[in-house]
Amino acid sequence: MTEQTPDMKDIVALCKRRGFIFPASDIYGGLNGFWDYGPLGVELKNNLRDLWWKSMVVTPPIGPDGQPVQIVGLDSSIVQNPKTWEASGHIGGFSDPMVDCRETKQRYRADHLIVLIPKNGEGSWISLHEDSDSEEMDKRAGKLGKGRNANDYEITPLTSLKTDDYANIIAPDTKTPGTLTEPKEFNLMFHTYVGATASEDNKAYLRPETAQGIFLNFKNVVDSSRVRVPFGIAQIGKAFRNEVTPRNFIFRSREFEQMEMEWFCPPEDAKKWRAFWVEERKKWWESLGINNDSMILREHESDELAHYAKDGVGTVDIEYRFPFTAPGFGELEGIAHRCDFDLKQHQEHSGQNLEYMDPQTQKRYTPHVIEPAAGLTRGVLALLCEAYTPDPERPSGVYMNFHPSVAPKKAAILPLTAKEEHVPIATKLYMDIREHYAVDLDIKQNIGKRYARQDEIGTPFCFTVDNQTIEDQTVTVRHRNTMKQDRIAMDNVLEYMRKEMALMGS
RNA sequence: GCGGGUGUAGCUCAGUGGUAGAGCAUCAGCUUCCCAAGCUGAGGGCCGUGGGUUCGAUACCCAUCACCCGCUCCA
């Protein structure tokens with residue numbers, strides 16, 4: 001690929017101009033971290049959503065044993081009993097106390113700072129990042145403690161100190177004490193109140209991930225659907241995170257949509273299944289037209305693993321080279337080994353038995369979970385970025401190279417002129433095709449303008465009715481990417497589309 | 001949340017202390033048998049919002065909101 005990385009500004013502008021994505025509550029000046037999907041954006045998003053559902057629930061992949069794997073769907077509510085989030089660790093772990101340095105304007109996670117307290121009680125206390133090695137400690141101690149070294153100090157986590165002591169603490173990137181602010185809580189979960197009165201008793205949360213709804217329903221699904229481990233439960237839905245800094249268009253927004261599948265398997269098979277799902281998921285993104293070179297697999301370092309994945313075989317991210325991360329990559333999907341953390345937690349907090357009884361071996365155990373969790377809205381962004389293709393050679397200057405399976409419109413039916421003879425034929429063709437595919441009928445303005453418009457919204461095919469159509473019932477097919485034309489029988493348009501779309505998809 | 005930048009038509013932008021322009025888009029008419037987004041015309045903005053200075057603010061000052069970049073964050 002020799003093409004340049006497109007500029008995010010141009011993509012955002014096209015999204016607004018053509019009705020893919022608007023700032024949420026635009027007429028009131030927008031709202032930080034929220035976006036609305038316009039007429040074409042919702043088509044694109046729904047296409048992606050439906051393709052995921054199909055690949056997971058309707059036609060799940062063939063497993064290692066040659067048989068299709070078993071996955072069922074679910075749609076759980078956004079607001080759950082708040083105990084859910086205590087059990088999941090989100091109430092404790094999803095809020096990080098932060099301290100700011102007034103002098104350097106740096107911000108630190110309070111639980112990532114350590115403090116050196118002089119053993120003899122004299123002099124300032126020195127704070128450092130917790131991962132500082134002894135060399136750095138000696139250096140800071142020497143500089144700020146007048147020649148002392150780390151051995152002259154006690155090491156204490158900042159979080160165990162009182163805020164009264166902060167006046168005597170030197171922030172990690174300064175020389176004078178007393179510049180640290182007191183810790184502020186950043187809870188990333190939105191909360192609300194259930195019922196008419198607002199009080200702590202009926203406080204509830206908007207889910208920060210869809211996954212927990214699946215774990216809450218594990219027992220219900222097992223008891224009602226004849227599934228047997230290994231099997232999966234899939235869910236698509238909105239999730240909410242009160243991000244400190246929403247950034248990069250829809251990449252990190254406060255309201256977003258996830259496509260998550262929890263795959264329950266025997267603990268000893270976790271590794272095998274993780275490898276299986278990584279492979280499957282990567283193939284899936286490729287099948288939607290995401291270039292293989294634009295994606296990488298990235299194994300999480302042990303220190304960045306989430307609390308639920310600490311003891312497992314690890315997490316792999318499928319990352320895409322977004323224009324704002326290039327030449328680096330940003331997360332599109334994570335495949336995590338959540339171990340038995342969630343089921344165990346919910347079993348403990350709810351008092352319900354969530355173990356699985358294997359009908360063959362008659363053994364009870366808690367299944368382990370492999371979780372392919374993809375961002376639907378991030379997927380939309382990746383599709384937009386991938387499709388955006390500047391082309392100075394054509395009138396529109398740009399076209400959206402969507403894979404036909406995700407394109408909001410699969411074809412446009414165009415009478416070459418607005419003359420009486422062309423319009424009724426085109427209209428009839430449109431009425432036939434729209435039963436099968438999302439298509440546009442566009443009559444107004446000259447043909448060049450209409451082709452250009454379809455290029456900008458990424459319509460793969462245009463079928464044009466002209467004078468020859470009247471004589472021999474054929475139409476021209478104009479291809480978006482090449483601008484080349486063929487002529488085919490009007491009766492074959494549907495079949496042609498089927499064939500071409502399969503071809504482009506392979 | 002901090003620092004810097006930006007905010008003028010649907011989009012990209014110009015502009016001035018005396019209440020606004022271009023290109024593209026949109027719409028209409030014309031033209032057109034294939035990219036000729038060609039021709040003609042029209043609609044559309046109290047210049048992000050709220051204050052202040054001023055006889056007068058889109059312009060200067062303050063605040064606020066949104067977006068962009070960098071921190072921070074993203075279990």
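In the text below, chain A, chain B and the rest are named by the order of the sequence lines, each starting its count at 1.
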Under 3.5 Å on both distances, the Watson-Crick or G-U partner of [N]:
{"N": "rC47(B)", "result": "none"}
{"N": "rA75(B)", "result": "none"}
{"N": "rC55(B)", "result": "rG18(B)"}
{"N": "rG70(B)", "result": "rC2(B)"}
{"N": "rG23(B)", "result": "rC11(B)"}
{"N": "rC30(B)", "result": "rG38(B)"}

Would you say that more than 12 heavy atoms from the other residues, nucleotides or ligands in this model lie under 6.0 Å from the CD of Glu299(A), or not? yes
Lys NZ or Arg CZ of Arg49(A) over Trp52(A) ring: under 6.0 Å, within 45°: no
Distance, [atom1] atom - from [M] to [N], rounded to whole angstrom:
{"N": "rU32(B)", "M": "rC39(B)", "atom1": "P", "answer": "15 Å"}
{"N": "rG23(B)", "M": "rG29(B)", "atom1": "P", "answer": "22 Å"}
{"N": "rC68(B)", "M": "rU12(B)", "atom1": "P", "answer": "13 Å"}
{"N": "rC46(B)", "M": "rU19(B)", "atom1": "C1'", "answer": "8 Å"}
{"N": "rG44(B)", "M": "rA57(B)", "atom1": "C1'", "answer": "24 Å"}
{"N": "rU58(B)", "M": "rU26(B)", "atom1": "C1'", "answer": "25 Å"}
{"N": "rC34(B)", "M": "rG15(B)", "atom1": "P", "answer": "42 Å"}
{"N": "rG45(B)", "M": "rA20(B)", "atom1": "C1'", "answer": "9 Å"}

Counting the atoms with a prime plus P, OP1 and OP2 as sugar-phosphate, which does [X] contact under 4.0 Å by heavy atoms, base, sugar-phosphate, or nothing?
{"X": "Gly33(A)", "answer": "sugar-phosphate"}
{"X": "Ala13(A)", "answer": "sugar-phosphate"}
{"X": "Tyr28(A)", "answer": "nothing"}
{"X": "Lys444(A)", "answer": "sugar-phosphate"}
{"X": "Gln468(A)", "answer": "nothing"}
{"X": "Glu421(A)", "answer": "nothing"}

Could you check which of [options] has an atom nearest any side-chain atom of [X]?
{"X": "Arg18(A)", "options": "rC34(B), rA37(B), rC67(B)", "answer": "rA37(B)"}
{"X": "Arg241(A)", "options": "rA75(B), rA66(B), rC35(B)", "answer": "rA75(B)"}
{"X": "Asn446(A)", "options": "rA75(B), rA37(B), rC35(B)", "answer": "rA37(B)"}
{"X": "Gln445(A)", "options": "rC27(B), rC34(B), rA36(B)", "answer": "rC27(B)"}
{"X": "Ala452(A)", "options": "rA37(B), rU32(B), rC35(B)", "answer": "rA37(B)"}

Phosphate OP1/OP2 of [N] contacted by [X] side-chain N/O (<4.0 Å):
{"X": "Asn248(A)", "N": "rC69(B)", "answer": "yes"}
{"X": "Arg453(A)", "N": "rU26(B)", "answer": "yes"}
{"X": "Asn32(A)", "N": "rC67(B)", "answer": "yes"}
{"X": "Lys16(A)", "N": "rC11(B)", "answer": "yes"}

Using atom [atom1] of [X] as one end and atom [atom2] of [N] as the other, report the distance to the nearest whole Å.
{"X": "Tyr399(A)", "N": "rA37(B)", "atom1": "OH", "atom2": "P", "result": "19 Å"}
{"X": "Arg247(A)", "N": "rU72(B)", "atom1": "CZ", "atom2": "P", "result": "12 Å"}
{"X": "Arg254(A)", "N": "rC73(B)", "atom1": "CZ", "atom2": "P", "result": "16 Å"}
{"X": "Arg478(A)", "N": "rA37(B)", "atom1": "CZ", "atom2": "C1'", "result": "12 Å"}
{"X": "Phe22(A)", "N": "rA66(B)", "atom1": "CZ", "atom2": "C1'", "result": "17 Å"}
{"X": "Arg487(A)", "N": "rC34(B)", "atom1": "CZ", "atom2": "P", "result": "11 Å"}
{"X": "Lys9(A)", "N": "rC13(B)", "atom1": "NZ", "atom2": "C1'", "result": "11 Å"}
{"X": "Lys449(A)", "N": "rC35(B)", "atom1": "NZ", "atom2": "C1'", "result": "12 Å"}

[Y] side chain reached by [X] side chain, heavy atoms, under 4.5 Å:
{"X": "Val79(A)", "Y": "Leu206(A)", "value": "yes"}
{"X": "Thr427(A)", "Y": "Leu441(A)", "value": "yes"}
{"X": "Tyr388(A)", "Y": "Val398(A)", "value": "yes"}
{"X": "Ile78(A)", "Y": "Phe240(A)", "value": "yes"}

Side chains of [X] and [Y]: do they bring a donor and an acceptor to under 3.5 Å?
{"X": "Asp391(A)", "Y": "Thr389(A)", "result": "no"}
{"X": "Thr84(A)", "Y": "Asn81(A)", "result": "no"}
{"X": "Gln212(A)", "Y": "His346(A)", "result": "yes"}

Residue mapping more 5' on RNA chain B - nearest nucleotide basis, Arg338(A) or Glu456(A): Glu456(A)
Of Val465(A) and Met8(A), the one whose nearest nucleotide on RNA chain B sits closer to the 5' end is Val465(A)
Ignoring hydrogens and geometry beyond distance, is the side chain of Thr245(A) in donor-acceptor contact with the base of rC73(B) at under 3.5 Å?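 No pair found.
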State whether the distance check finds a donor on one side and an acceptor on the other, under 3.5 Å, for side chain Glu243(A) versus base rC73(B).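 No.
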